[in-house]
Amino acid sequence: MNRFIALALPVVASLAAVSAQGGQTCNSTSLCPAVAPCCSPFGFCGDGAFCLGGCDPLYSNTLDSCKPQPVCQDATHTFTDNSRIYSNATLFDGNATQYDWVLNSGNIMNTNTSGGELALLLTETNGGTRVSSTRYVHYGTITAKLKTGRWGGVVTAFITMSNVKDEIDWEFPGANTTTGQTNIFWQGNIPDATQGDVTGGLTDTFSNYHDYTIDWQPDTLTFLIDNSTVRTIKKSDTLDAAGVAHYPSTPASIQLSIWPAGINTSAPGTVKWAGGMINWADPDYTAAGHFYALVQSVTVKCADPTPPAADITAYVYGANTTADTPGVAFTNASVLLNGAPAGRHQQSGAGTTHEHQFVL
Ligand SMILES: *[C@@H]1O[C@H](CO)[C@@H](O)[C@H](O)[C@H]1NC(C)=O
Ligand SMILES: *[C@@H]1O[C@H](CO)[C@@H](O)[C@H](O)[C@H]1NC(C)=O
Ligand SMILES: *[C@@H]1O[C@H](CO)[C@@H](O)[C@H](O)[C@H]1NC(C)=O
Ligand SMILES: *[C@@H]1O[C@H](CO)[C@@H](O)[C@H](O)[C@H]1NC(C)=O
Ligand SMILES: *[C@@H]1O[C@H](CO)[C@@H](O)[C@H](O)[C@H]1NC(C)=O
Ligand SMILES: *[C@@H]1O[C@H](CO)[C@@H](O)[C@H](O)[C@H]1NC(C)=O
Ligand SMILES: *[C@@H]1O[C@H](CO)[C@@H](O)[C@H](O)[C@H]1NC(C)=O
Ligand SMILES: *[C@@H]1O[C@H](CO)[C@@H](O)[C@H](O)[C@H]1NC(C)=O
Ligand SMILES: *[C@@H]1O[C@H](CO)[C@@H](O)[C@H](O)[C@H]1NC(C)=O
């Protein structure tokens, strides 16, 4: 415990927990009603915070029920303290200028080593911790300098996650601290053409900082460790029989997390993948009172296919550009929950398949 400055924040109820108390559910065949227009990442309908981070436009009442998603900005996020992280995602008003991150669930601390580090905590009682960026990235290069956990069943993750669940992952099952795993999901599913991949031979990922990079461009996705390429996926490699690319193409937030995979509510395959059940009697856990992962910095270099005009605030979804591929446009509308809803939309130039297709 004493290696951390004592800044632990209280547990934050997740949207899942809040809405499990009786909210209407949403999915591809059952959209949210107008009175609770926004579909949360966990498939529950609501208003307010439900319309921010992770709100699924395809399952919400209308395509523009979710608040616009704050546009990408180049940044180097450091964690000399946690003042840029808002402590309760369910109370966030959407102001991405005021906060760079929100705490979705769990507990964070800040260390006083290496210039300050964000510590993501995991406990038996409170579970894991997830922090999400308030701004989205629509293609770009994202690097997280982090130290992983080192405990079986405990997974450290640095991912991008879009509101329709296009996802790009770096994951670190704690039982093996010489490896990192990469994966992509397209609208919630692993594309047939790609599989999870393991990169080995790393110096201990618990003891050493490494730079893990997701270089996400419209036609190619490259994973790097310490500036060396370890995996490349081409969009053209992900085409299905109908010619639809199963390649992440929608704006995504950056998520940093530590999560308990080795628990009895996980599927057996998940427990095995993560390195077995968590040992809550581990000396590291009993000494500190938690498991943890440390993040020193996250850098973002945006690569929007068309740079946003000066007054652009956010991304919005539009009609499909090709089968099953949502269009993405820029807007100058407010991103605040209480902001004016209307705004001017502009094509975001989302790559070769996304031309001329907007207007909501
Ligand atoms: C976060 O906000 C929600 C909604 O008001 C509230 O129920 C919850 O207790 C808050 N959590 C914390 C840790 O303050
Ligand atoms: C979608 O939600 C409705 C209403 O809750 C439910 O009846 C239906 O089975 C769900 N469909 C899928 C595909 O999950
Ligand atoms: C958003 O936050 C910034 C920085 O704190 C502040 O200057 C601005 O007034 C806020 N915007 C609104 C609409 O509250
Ligand atoms: C942080 O560490 C520095 C030296 O590394 C020390 O001078 C300072 O007092 C520490 N701050 C806190 C809040 O512990
Ligand atoms: C970690 O994974 C690598 C690659 O799969 C393997 O060679 C190594 O033996 C594993 N180490 C442990 C401790 O399981
Ligand atoms: C990766 O390259 C960047 C930019 O050149 C540099 O700042 C950084 O130190 C490098 N990281 C490593 C681990 O070599
Ligand atoms: C699952 O784990 C929880 C907490 O560790 C424990 O309370 C519960 O009894 C366990 N359930 C089963 C079926 O093992
Ligand atoms: C657009 O794409 C979504 C998501 O892939 C799909 O569910 C929907 O049916 C498509 N809509 C049209 C009109 O093709
Ligand atoms: C968006 O831009 C249009 C002009 O193109 C302007 O009339 C409107 O007020 C702007 N909306 C916001 C919210 O700034």
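One-based numbering, in listed order, for ligands and for the atoms of each.
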Exercise. Do any N/O atoms on Asp226 end up under 3.5 angstrom from N/O atoms on ligand 6?
Worked result: no
Exercise. Mind checking whether Asp211 has an N or O less than 3.5 Å away from an N or O of ligand 6?
Worked result: yes
Exercise. side-chain contact (heavy atoms from CB on, under 4.5 Å) between Leu146 and Trp170: does it pass, once the steps are laid out?
Worked result: CA-CA 11 Å; Leu146 59 83; Trp170 268 113; over 6 Å; no
Problem set entry | Minimum-distance pair of heavy atoms, taken over all atoms of Ile312 and Val71 | O-CG1, 3.9 Å
Seminar exercise, completed: Scanning both residues in full, the closest heavy-atom pair of Cys55 with Ser60 reads SG-OG, 3.6 Å
For this session: Please list, by chain and number, the protein residues whose heavy atoms come under 4.0 Å of ligand 8.
Result: Leu58, Gln187, Asn320, Asp324
For this session: Sequence neighbours left out, what pairs pass side chain to side chain donor-acceptor pair (under 3.5 Å) with at least one residue falling in residues 185-202?
Result: none
Exercise. At a 4.0 Å threshold, what atoms of ligand 5 neighbour a non-hydrogen atom of Asn176?
Worked result: 1 (C), 2 (O), 3 (C), 8 (C), 10 (C), 11 (N), 12 (C), 14 (O)
For this session: May I ask you to list the atoms of ligand 5 that are less than 4.0 angstrom from any heavy atom of Thr179?
Result: 1 (C), 2 (O), 3 (C), 4 (C)
Exercise. Between the side chains of Asn163 and Tyr136, does any donor sit under 3.5 Å from an acceptor?
Worked result: yes
Exercise. Do the ring centers of Tyr292 and Trp151 come within less than 6.0 Å of each other?
Worked result: yes
For this session: Decide whether Ile258 and Val295 are clustered together by the hydrophobic rule: side chain heavy atoms of Ile, Leu, Val, Met, Phe, Trp, Tyr closer than 4.5 Å, transitively.
Result: yes
Problem set entry | Cys72/Tyr315 under side-chain contact (heavy atoms from CB on, under 4.5 Å): CA gap, chis, key distance, verdict | CA-CA 9 Å; Cys72 188; Tyr315 305 105; 3.4 Å; yes
